[in-house]
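The residues of the chain are indexed from 1 along the displayed sequence. All values derive from a computational prediction rather than experimental measurement.
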Amino acid sequence: MLAEAGATLVAADIDEGRRTLADIAGATWTSPQDCLTADVDVLVPAALGGLLTPHTVPTLRCAAIAGPANNQLDTPATADLLHQHDILWAPDIIVSAGGIIHATAVELHQETSAQATARVQGIADTLADILRTARATGSTPAAAARSRARHHIGHRRRPHDRRAGVEARVSDLEPGDSSAPR
């Protein structure tokens with residue numbers, strides 16, 4: 001879609017077999033390390049966690065990061081470092097939520113594919129709200145996302161709900177926390 005809209009694409013993968021897809025999209029192929037430091041508007045990390053670290057952030061030459069890789073930050077403090085470098089980071093927990101939202105809607109709630117798709121499309125509104133909140137409060141998108149999650153969990157918790165205690169403990173965990181349930 002980006003190529004069709006006229007975007008210039010730079011692509012990389014550790015699997016050279018993916019180069020064919022890059023060629024089809026008209027992307028310039030490069031190494032994963034060179035892709036990470038390419039002069040681009042948006043960096044889209046996919047399938048690689050822990051990529052954003054105090055070592056890699058200063059080498060980035062992008063304005064924003066929005067990708068489906070889980071746990072992109074090595075530690076929660078790296079969100080602050082991105083903010084200090086004026087790099088807008090769309091939290092991965094929001095950007096990559098579509099699959100679980102769709103699967104849950106269809107498989108657990110027996111919604112139609114169209115209903116599930118409508119829920120997935122709501123991710124854009126959620127992300128826009130989080131980015132607006134971060135800008136208005138001078139915080140990072142990560143902090144705004146955590147605040148929103150805590151607010152929603154707090155409003156849904158009921159005293160008779162045995163899961164509430166588990167949800168509260170899980171909501172207190174930070175990305176990259178080694179005590180996170182697996």
Side-chain angles (χ1 to χ4, degrees), residues 1-5 7 9 11 13-15 17-18 20-22 24-25 27 42-52 64-76 78-79 82 88-137 139-182:
M1 289 171 39
L2 290 170
E4 289 174 10
L9 305 174
D13 197 295
I14 58 171
D15 178 1
R18 302 286 183 166
T20 303
L21 294 172
I24 291 168
V42 181
L43 177 65
V44 183
L48 184 61
L51 181 69
L52 303 174
I65 299 171
N70 291 326
N71 301 316
Q72 294 170 7
L73 305 178
D74 64 336
T75 69
T78 302
L82 288 166
L88 179 64
W89 179 64
D92 52 343
I93 59 173
I94 297 163
V95 173
S96 64
I100 192 71
I101 289 171
H102 195 279
T104 301
V106 172
E107 295 176 22
L108 296 180
H109 299 291
Q110 285 73 48
E111 293 182 2
T112 66
S113 183
Q115 289 170 314
T117 299
R119 286 183 184 270
V120 170
Q121 290 172 342
I123 293 171
D125 293 334
T126 299
L127 181 59
D129 183 55
I130 286 169
L131 296 177
R132 273 192 300 275
T133 299
R135 187 178 315 118
T137 61
S139 68
T140 68
R146 277 192 305 275
S147 176
R148 181 182 174 118
R150 286 186 179 118
H151 174 79
H152 282 293
I153 289 170
H155 277 80
R156 291 185 180 183
R157 192 179 305 147
R158 295 179 297 277
H160 66 277
D161 188 349
R162 288 192 287 154
R163 294 177 305 162
V166 172
E167 289 169 353
R169 287 192 303 274
V170 170
S171 72
D172 290 338
L173 296 174
E174 299 293 340
D177 186 338
S178 61
S179 65
R182 302 203 191 278

Test side chain to side chain contact (heavy atoms under 4.5 Å, CB included) applied to L52 and W89, step by step: CA-CA 10 Å; L52 303 174; W89 179 64; 3.9 Å; yes
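- Of all heavy-atom pairs spanning V106 and A116, the tightest one is CG2-CB, 3.7 Å.
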Full working for side chain to side chain contact (heavy atoms under 4.5 Å, CB included) between R119 and E111: CA-CA 10 Å; R119 286 183 184 270; E111 293 182 2; 2.7 Å; yes
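- When all heavy atoms of A97 and I123 are compared, the pair lying nearest together is C-CD1, 3.9 Å.
- Judged purely by atom type and a 3.5 angstrom limit, D92 uses its side chain to pair as donor or acceptor with the backbone of Q72.
- Atom CG of L108 has more than 12 heavy atoms from other residues, nucleotides or ligands within 6.0 Å.
- Atom CG of L21 has more than 12 heavy atoms from other residues, nucleotides or ligands within 6.0 Å.
- In this structure, S96 and P68 approach most closely via the heavy-atom pair CB-O, 3.4 Å.
- Across every non-hydrogen atom of A145 and I94, the tightest pair is CB-CD1, 4.0 Å.
- Qualifying side chain to side chain contact (heavy atoms under 4.5 Å, CB included) partners for A3, counting only residues two or more places apart in sequence or in other chains: L9.
- Considering every non-hydrogen atom in both T140 and A79, the closest pair reads CG2-O, 3.7 Å.
- Annotation for A90 and A66: closest pair CB-CB, 3.9 Å, computed over non-hydrogen atoms.
- One N or O on the side chain of T117 and one on the backbone of S113 form a donor-acceptor pair closer than 3.5 Å.
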Expected list for residues 126-134: side-chain donor-acceptor pairs under 3.5 angstrom, two or more places apart:
residue, atom, partner, partner atom, Å
T126, OG1, G122, O, 3.3
D129, OD2, R148, NH1, 2.4
T133, OG1, D129, O, 2.9

CA sep, side-chain torsions, deciding dist, call: L82, L73, side chain to side chain contact (heavy atoms under 4.5 Å, CB included): CA-CA 10 Å; L82 288 166; L73 305 178; 3.8 Å; yes
